[in-house]
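Here is the structure we will look at.
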Amino acid sequence: MSSKVSRRQFLNYTLMGVGGFMVSAAAMPMIRFAIDPVLASADGSDYIPTDQKADDITETPVRVDYTIKDRKDAWYKSDVSNTAWVYKDGDTVIALSPVCKHLGCTVNWAGDDTHPNEYFCPCHGGRYEKNGKNVPGTPPTGPLDQYEVEIIDGLIHLGKTMPNTLV
């Protein structure tokens with residue numbers, strides 16, 4: 001028994017096929033745009049290289065500026081400049097975040113003449129000890145964050161920030 005396709009059925013099948021193709025052609029770029037960041041591979045290291053030589057670091061904190069190249073934020077790539085306060089404690093290299101825990105201002109080492117051996121936040125007079133511990137009675141609510149540090153080929157490489165383990 002053979003069933004023939006009527007002209008009406010043929011037109012319905014053809015229109016459904018063409019319509020489905022057109023809908024999928026319009027929807028695929030939107031779907032790809034939505035899931036592209038999830039499919040992107042994470043290449044590179046978790047540590048960002050700096051120009052600071054580990055041998056040049058002393059017990060006095062120095063400001064180390066570094067740039068994260070091609071930082072990807074969803075679909076936008078940009079270079080981001082960051083700073084860290086780096087010093088040696090024995091043979092260990094310590095790197096602290098310069099972001100004050102009070103309001104997010106940038107702290108400076110020996111930035112105030114009355115407190116020469118402390119980090120000082122100029123926004124509201126916040127003070128931190130050399131290891132990042134907040135001085136009691138000043139505005140900061142906690143210690144400065146600490147960076148993961150790795151020495152590669154004699155240069156300091158900084159990783160993610162983590163809670164301060166020195167205090």
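Only this structure's heavy atoms are used, side chains among them; waters, hydrogens and symmetry mates stay out. Numbers for residues simply follow the sequence, beginning at 1.
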* Drop me the distance from N134's CG to C121's SG, to the nearest 0.5 angstrom. => 12.0 Å

* More than 12 heavy atoms from other groups under 6.0 Å of CG on D79 -> yes

* Asked: Side-chain contact, heavy-atom cut-off 4.5 Å: Q52 with I57?
  -> yes

* Of the non-hydrogen atoms in K133 and P143, which two are nearest, and what is the gap between them? -> CA-CB, 4.1 Å

* Are the side chains of I156 and V93 in touch, meaning some heavy atoms are under 4.5 Å apart? -> yes

* Asked: Within a strict 4.5 Å, meaning less than it, do heavy atoms of the L158 and Y66 side chains meet?
  -> yes

* Asked: Regarding Q146 and S97, is there a side-chain donor-to-acceptor distance under 3.5 Å anywhere?
  -> no

* Asked: If you take all heavy atoms of Y13 and V5, which pair is closest and at what distance?
  -> CE1-CG1, 4.4 Å

* From T138 atom OG1 to H124 atom NE2, the distance as rounded to the nearest 0.5 Å -> 12.5 Å

* So, D89 and K130, do they make that salt bridge, N to O below 4.0 Å? -> no

* For the residue pair T83 and D65, confirm or rule out a side-chain donor-acceptor distance under 3.5 Å. => yes

* To do: To the nearest 0.5 Å, tell me how far N117 CG sits from T60 OG1.
  => 8.0 Å

* **Exercise: identify the closest heavy-atom pair between P29 and A26** => CD-O, 3.6 Å

* Is Y87 reachable from V167 through a run of I, L, V, M, F, W or Y residues, each pair having side-chain heavy atoms under 4.5 Å apart? -> no

* To do: Answer yes or no for C123 and C105: SG-SG distance under 2.5 Å.
  => yes

* Asked: So which heavy atom on P139 is nearest to which on G126, and how close?
  -> CD-CA, 3.9 Å

* **Nearest heavy-atom neighbours spanning Q9 and K4** => OE1-O, 4.0 Å

* Nearest 0.5 Å, what's the CD1-OG1 distance between I48 and T50? -> 10.5 Å

* Y119 vs L144 side-chain heavy atoms within contact, under 4.5 Å -> yes

* Do you know which two heavy atoms are closest between A84 and P98, and how far apart they sit? -> CA-CD, 4.3 Å

* Test: K88 and E59 ion pair at under 4.0 Å -> no

* Distance (rounded to the nearest 0.5 Å) between T165 OG1 and E148 CD -> 10.0 Å

* **Shared hydrophobic cluster, L166 / W109 (ILVMFWY, side-chain heavy atoms < 4.5 Å)** => yes

* Main-chain N/O of N131 paired with N164 side-chain donor or acceptor, under 3.5 Å -> yes

* Answer yes or no: is there a side-chain heavy-atom contact under 4.5 Å between V107 and Y128? => yes

* How long is the gap from CE on M162 to CG on D145, to the nearest 0.5 Å? -> 9.5 Å

* **Side-chain donor/acceptor of H157 to backbone N/O of L155, under 3.5 Å** => yes

* Any W85 side-chain heavy atom under 4.5 Å of N108 side chain -> yes

